[in-house]
Amino acid sequence: MKKTAVFPGSFDPFTIGHEGIVYRALNLFDEIIIAVGANALKKNLYSVETRKKMIADVFRNVPSVKVDHYEGLTVDYCRKKEVKFILRGLRTAADFEFERAIAQVNKVMAPEIESVFILTVPEHAHVNSTIVRDIIRSGGDASMFVPASISLADYKTDEE
Ligand code: ADP
């Protein structure tokens, strides 16, 4: 049976940190669904559609990576897709505490689903979408933080 993981996140925008986690997870899974969570309460820089396009462009030559979006609970989305693994990345102890709580709550809600964590490489430990958004909003050059295969100039923000 094909082993699939859902990689849920805001990805606003998708960074080299996210990209690294996906490529490393492809050693563990046959297929990764990168699922952009549509959270109406968050003030996003890029629309869900733009984020999906950006991610699809990064993985345009990697058929085992799919891109989707969802609303509501991640475990409900996984059940709908019949996926048994949730993939997340870890940078710091703060990430660990945050991810631990989410994964343990998810485990209570959906015992059949396993959360799998990949620890980031040291050179990506400081890469953070919030900071990248601030750089873009302030007109700075954020190209070194996003995958080399895309150019941020190709994507319109929701604030333009
Ligand atoms: P969320 O709003 O769900 O935290 P993010 O887009 O910020 O969405 O992150 C999605 C996942 O990617 C999270 O598990 C996060 O810890 C992980 N992640 C974010 N940045 C990095 C990075 N630089 N290296 C490794 N993992 C990362």
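Remember, it's 1-based here, ligands and their atoms both numbered in the order they're listed.
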Handout entry: Pairs touching residues 19-29 that satisfy side chain to side chain donor-acceptor pair (under 3.5 Å), sequence neighbours left out
Key = none

Practice task
Find out whether I86 and I113 are in side-chain contact, i.e. whether some heavy atom of one side chain is under 4.5 Å from a heavy atom of the other.
Solution key: yes

Practice task
With the side chain counted from C-beta on, respond yes when V48 and K52 share a heavy-atom pair under 4.5 Å apart, and no when they do not.
Solution key: yes

Exercise for the section: Just say parallel, tilted or perpendicular for the rings of F14 and F59, cut-offs at 30° and 60°. Expected result: perpendicular

Exercise for the section: For residues 76-89, pull every pair meeting side chain to side chain donor-acceptor pair (under 3.5 Å), keeping only residues two or more places apart or in separate chains. Expected result: D68-Y77, R79-E112, R88-E99

Identify the protein atoms, limited to N or O, that lie within less than 3.5 Å of an N or O atom of ligand 1, and list each pair with its distance to 0.1 Å.
unit_1   : atom_1 : unit_2 : atom_2 : d
ligand 1 : 2 (O)  : S10    : OG     : 2.6
ligand 1 : 2 (O)  : K42    : NZ     : 3.1
ligand 1 : 3 (O)  : R88    : NH1    : 3.1
ligand 1 : 3 (O)  : R88    : NH2    : 3.3
ligand 1 : 4 (O)  : R88    : NH2    : 3.4
ligand 1 : 6 (O)  : S10    : N      : 3.3
ligand 1 : 6 (O)  : F11    : N      : 2.9
ligand 1 : 6 (O)  : H18    : NE2    : 3.2
ligand 1 : 8 (O)  : S10    : N      : 3.0
ligand 1 : 9 (O)  : H18    : NE2    : 3.4
ligand 1 : 14 (O) : R88    : NE     : 3.1
ligand 1 : 14 (O) : G89    : N      : 3.0
ligand 1 : 14 (O) : G89    : O      : 3.3
ligand 1 : 14 (O) : E99    : OE2    : 3.3
ligand 1 : 16 (O) : G89    : O      : 2.7
ligand 1 : 20 (N) : R91    : NH1    : 3.2
ligand 1 : 23 (N) : H124   : O      : 2.9
ligand 1 : 23 (N) : V127   : O      : 2.9
ligand 1 : 24 (N) : T120   : OG1    : 3.0

Exercise for the section: List in chain and number order the residues that pass ring pair (Phe, Tyr, Trp, His ring centres under 6.0 Å) with F98, two or more places apart in sequence or in another chain; answer none if no residue qualifies. Expected result: none

